[in-house]
Amino acid sequence: MATLEIDRISKSFDSVQALKNVSFDCKNGEFLVIVGPSGAGKTTTLNCIAGVEYPEMGTVYLDGQDVTMAPPQDRDVAMVFETYALYPQFSVRDNLIFPLRSPRSRHSESDIQERVQRVSELLSIDMLLERLPRQLSQGQRQRVSLGRALVRDPKIFLFDEPISHLDAKLRNSMRRELKRMRASLSQTTVYVTHDYLEALSLGDRVVVLFQGEVLQFDQTQMVYNRPAAVEVGLLFGDPPMMFFQGKIDDQSHFVCEDESFMIDARDNAVGLAPGQEVILGLRPTDVRLAPPGSGQVQGEIYSVQNQFDRELVTLKAKEQLFDIVAPVSYAVTEGDKAGIIIPVEVCYFFDKTTHRAI
Ligand code: ATP
């Protein structure tokens, strides 16, 4: 186990600046998740930690030691990628044993067998040890690939979207396995994903990367409850947060730019100034449909999507579209008039220019 500190690292590839002044740390035994859209710099960050890439500026500390320019073999990290590189001619058992027989690791035979047993039980692959990779399902192969990292005892685990290619059902069950693994290993881990559910269910803390910059580095629940920027709000939540451009008036009302609705923001007005141009963020799960005439927004039902356990209702007010998650029992159809109730405490305000939370 180890601590990790990333101090203001920057990295460019020709004209692309992949990382700009990225800083965060990972405590001993912590599970840290890096989240961000495609191209945000997640893999480049992991590569700089693993020693596969070297930053042009900044420092990587492992256990307090500067390892910025150290080769991978001197860092003692184990990396798991989304594509599982298993040896096709080896059984599952031999695939798991392989990392333990490298010239650098000195494990006794009984230690090797004990590790293989422990990890294969943890990942529920103990019944598959004699099979070849081609005799496994996609999810089983993914588990063996995880197992190849877990049999080792590295200072730090690095996971690069290890389950992103699995279908939704398998991803769910792998998330469960990872959570169990996380509880029983308590190893220092940096885990990259673009799936916000994975981040929320696994991470102690989360780093949100966007265009090579850290937008938020925080406790996991905080990136959902207090997104530091518009882009963070967009990443966490399903359906995603909705955004409306507008202005604060003299009475601390938010007035949408097409005047389709206004919200009394007096109780949530810290940092808001009259005349200020802002972006209002609302989650479809936080607002409620109401009978016509009540609520702050009046409009017409634009579409209703049945999602079995809930309905995703879209209401149109002038040019604005609002998504509302409603119970299935809320019977509305396209063309009905309706209102929306927006509790002021669920309003998120962001600066129009910087996109940062106010
Ligand atoms: P994804 O989720 O799609 O894997 P990511 O967040 O991991 O994306 P990176 O792979 O770190 O993003 O890439 C960050 C930026 O750096 C991207 O614009 C990418 O095109 C660029 N980049 C990464 N590696 C190289 C490389 N070897 N040569 C040139 N550009 C690169």
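Numbering of ligands and ligand atoms starts at 1, following listing order. Along the sequence shown, the residues carry numbers beginning at 1. Not measured: the values here are computed from a predicted model.
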Heavy-atom contact under 4.0 Å between Glu161 and ligand 1? yes
Does an N or O anywhere in Phe13 fall below 3.5 Å from an N or O of ligand 1? no
With heavy atoms and a 4.0 Å threshold, my read on which part of Thr43 contacts ligand 1 is both
Proximal ligand 1 atoms for Val16, defined as those under 4.0 Å from one of its heavy atoms: 16 (O), 18 (O)
Please say whether Lys42 places an N or O atom under 3.5 Å from an N or O atom belonging to ligand 1. yes
Pro37 near ligand 1 by a heavy-atom separation under 4.0 Å: yes
Partners of Tyr87 by ring-ring contact (aromatic ring centres under 6.0 Å, His included), sequence neighbours excluded? Phe90, Phe98
Of Gln113, Glu121, Glu114, the one forming a side-chain hydrogen bond (donor to acceptor under 3.5 Å, both in side chains) with Gln117 is Glu121
With heavy atoms of Ala40 as the reference, note each atom of ligand 1 found under 4.0 Å away. 5 (P), 6 (O), 12 (O)
Has Lys20 got a side-chain atom pairing as donor or acceptor with Gln211's backbone, closer than 3.5 angstrom? yes
Flag the pair Phe254 / Phe244 as yes when their ring centroid distance falls below 6.0 Å, and as no otherwise. no
Does ligand 1 have any atom that is closer than 4.0 Å to a heavy atom of Gly36? no
Please indicate whether any nitrogen or oxygen in Thr44 is less than 3.5 Å from any nitrogen or oxygen in ligand 1. yes
Should the pair Glu130-Arg93 be classified as a salt bridge under the 4.0 Å nitrogen-to-oxygen rule? yes
Donor-acceptor under 3.5 Å (Asp264 side chain, His253 main chain): no
May I ask you to list the atoms of ligand 1 that are less than 4.0 angstrom from any heavy atom of Ala18? 14 (C), 15 (C), 16 (O)
Closer than 4.0 angstrom, basic N to acidic O: yes or no for Arg152 and Asp76? yes
